[in-house]
Peer 1: 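Have a look at this one before I ask anything.
All values reported here derive from a predicted model rather than from experimental measurement.
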Amino acid sequence: MGQHRRRTPRRRFLAPTLVTTVLSVLTVAVVVVGTHSLTPRATAVASPATSAAVAPPVPGTPTVPAAVPVTGTEPSVSAEPSEPSVPAAPTPAPTTVAPTTAAPTAAAATPADGPLGTTATAAATPEAATVGALFTGTVRPGNHFCTASVLHSATGNLLLTAAHCLDDPSGVVFAPGYRDGKAPYGTWRVTAVHTTTGWSHNGDQDEDFAVLETAADATGRRVEDVVGGNTLGTDEPFGTAVRLYGYPAGGESPLLCTNTTGRQSTYQRVVDCPGYPGGTSGGPWISTATGHVVGAIGGYQQGGDTDDTSYSAYFDHTVAALYAEAAAS
């Protein structure tokens, strides 16, 4: 059914492009990392003074009705990789990228994992509330184009998605826990997009991830204050069981599938979960063992050229450096 992305002539959100002229503020941050990456790049829009305030955390989250399971499709065989698999790479000890502040407890309660490789509508759990849809303009049915999730950070305003989802934050908003045309936790305006130059210059599929900055809402709350966030995990094993979330372009509730990931190539994870079509790009891969987010739908074939097999760039020092750059900006 095609790549896990929205096809639209309105915005060039889906191909890696250089933003040469924007009406916004362009910032470039230089972070030197290892051989698998170049320099992170940030694209930002100016923030109105009315949304610049950041208030202390506000507890409490609305209750969302339980979702109804949907039936997935039978898995199909994905295309052969364009490059051969590489012999096993060194597997450094897993590391966690997180600020010194304690992680929020909202994402601690996780859903009960069903049969492996089965896709259904995600129940309205605290973890699912950290996942949301990206919209251009008005939050309404049929207007979302990619998936994103909240990253735990000291700034409380960061999101994770796929780099191929967007390169210009203008007019983009994030609605965590979005269901059936409603944003139960509110919406947050995206103000900056951080990607690596490996992606922005060369479309490197091994660096198909992006960290987004968001502005506080009208009451001064940051997105993590409201729904919590997922801690970034790096260098975690390829054979990891994950919960895979994503918002299908033709649906109004998030999908959830649990399965064990494999290794497609040195810097690519793969997982078989049926029925993940366009719109699910950027959806987080959350480890069932650690609770860390260890991937996002993207990478090889921009997430996969069938609905039943998804890919993610491997999270190592490259994404860690990008996260650090976004958190420090």
Peer 1: Which heavy atom of L166 sits nearest a heavy atom of V193, and at what distance?
Peer 2: O-CG1, 3.8 Å
Peer 1: When you look at E252 and R179, which way does the salt bridge (charged side-chain N to carboxylate O under 4.0 Å, His left out) test go after all the steps?
Peer 2: CA-CA 5 Å; E252 296 304 304; R179 287 174 191 265; over 6 Å; no
Peer 1: Partners of P176 by side chain to side chain contact (heavy atoms under 4.5 Å, CB included), sequence neighbours excluded?
Peer 2: F174, Y185, W188, V223, V227
Peer 1: Let me know which of F238, W285, Y267, F209 forms a ring pair (Phe, Tyr, Trp, His ring centres under 6.0 Å) with F315.
Peer 2: F209
Peer 1: Applying disulfide bond (SG atoms under 2.5 Å apart), which residue pairs with at least one partner in residues 214-320 are found, sequence neighbours left out?
Peer 2: C257-C273
Peer 1: Distance from S310 atom OG to Q301 atom CD, nearest 0.5 Å?
Peer 2: 10.5 Å
Peer 1: Indicate whether any N or O donor in one side chain lies under 3.5 Å from an N or O acceptor in the other, for E213 and T191.
Peer 2: no
Peer 1: Looking only at heavy atoms, what is the nearest atom pair of L151 and E224, with distance?
Peer 2: O-OE1, 3.4 Å
Peer 1: Show every disulfide bond (SG atoms under 2.5 Å apart) that has at least one partner inside residues 195-235, sequence neighbours left out.
Peer 2: none
Peer 1: Can a donor-acceptor pair be found, under 3.5 Å and without considering hydrogens, that links the side chain of Y178 to the backbone of G181?
Peer 2: yes
Peer 1: Checking side-chain polar atoms at under 3.5 Å, does T130 have a donor or acceptor matched by the opposite partner on N230?
Peer 2: yes
Peer 1: Listed by chain and number, what are the side-chain hydrogen bond (donor to acceptor under 3.5 Å, both in side chains) partners of Y247, not counting sequence neighbours?
Peer 2: none
Peer 1: Taking C-beta and beyond as the side chain, do R243 and P284 meet within less than 4.5 Å on heavy atoms?
Peer 2: no
Peer 1: Taking only residues two or more places apart in sequence or in another chain, which ones pass side-chain hydrogen bond (donor to acceptor under 3.5 Å, both in side chains) with T258?
Peer 2: D113
Peer 1: Rounded to the nearest 0.5 Å, what's the gap from CG on L134 to NE2 on H144? Could you check?
Peer 2: 10.5 Å
Peer 1: Under the side chain to side chain contact (heavy atoms under 4.5 Å, CB included) test, which residues partner T240, sequence neighbours left out?
Peer 2: P237, V242, T261, R269, S287
Peer 1: Strictly by disulfide bond (SG atoms under 2.5 Å apart), give each pair with a member in residues 288-329 just once, sequence neighbours left out.
Peer 2: none
Peer 1: State, without any angle test, whether T234 and D316 hold a side-chain donor-acceptor pair at a distance under 3.5 Å.
Peer 2: no
Peer 1: Quick test of your reading: applying disulfide bond (SG atoms under 2.5 Å apart), list the pairs with at least one residue in residues 281-329, sequence neighbours left out, ordered by first then second residue.
Peer 2: none
Peer 1: Ignoring hydrogens, what is the shortest heavy-atom contact between R263 and S265? Give both atom names and the distance.
Peer 2: CG-O, 3.3 Å
Peer 1: Show, in sequence, the C-alpha distance, side-chain angles and deciding distance for R221 and D217, and conclude whether the salt bridge (charged side-chain N to carboxylate O under 4.0 Å, His left out) test is met.
Peer 2: CA-CA 5 Å; R221 299 179 304 174; D217 68 7; 3.0 Å; yes
Peer 1: Closest heavy-atom contact between G282 and C165?
Peer 2: N-SG, 4.5 Å
Peer 1: Do D308 and T306 meet the criterion of a side-chain donor-acceptor pair at a distance under 3.5 Å?
Peer 2: no
Peer 1: Quick check: closest heavy atoms across A192 and P169, and the distance to 0.1 Å?
Peer 2: N-CB, 4.0 Å
Peer 1: Could you tell me which residues satisfy side chain to side chain contact (heavy atoms under 4.5 Å, CB included) with A328, sequence neighbours excluded, listed by chain and number?
Peer 2: none
Peer 1: Between the side chains of Q205 and Y311, does any donor sit under 3.5 Å from an acceptor?
Peer 2: no
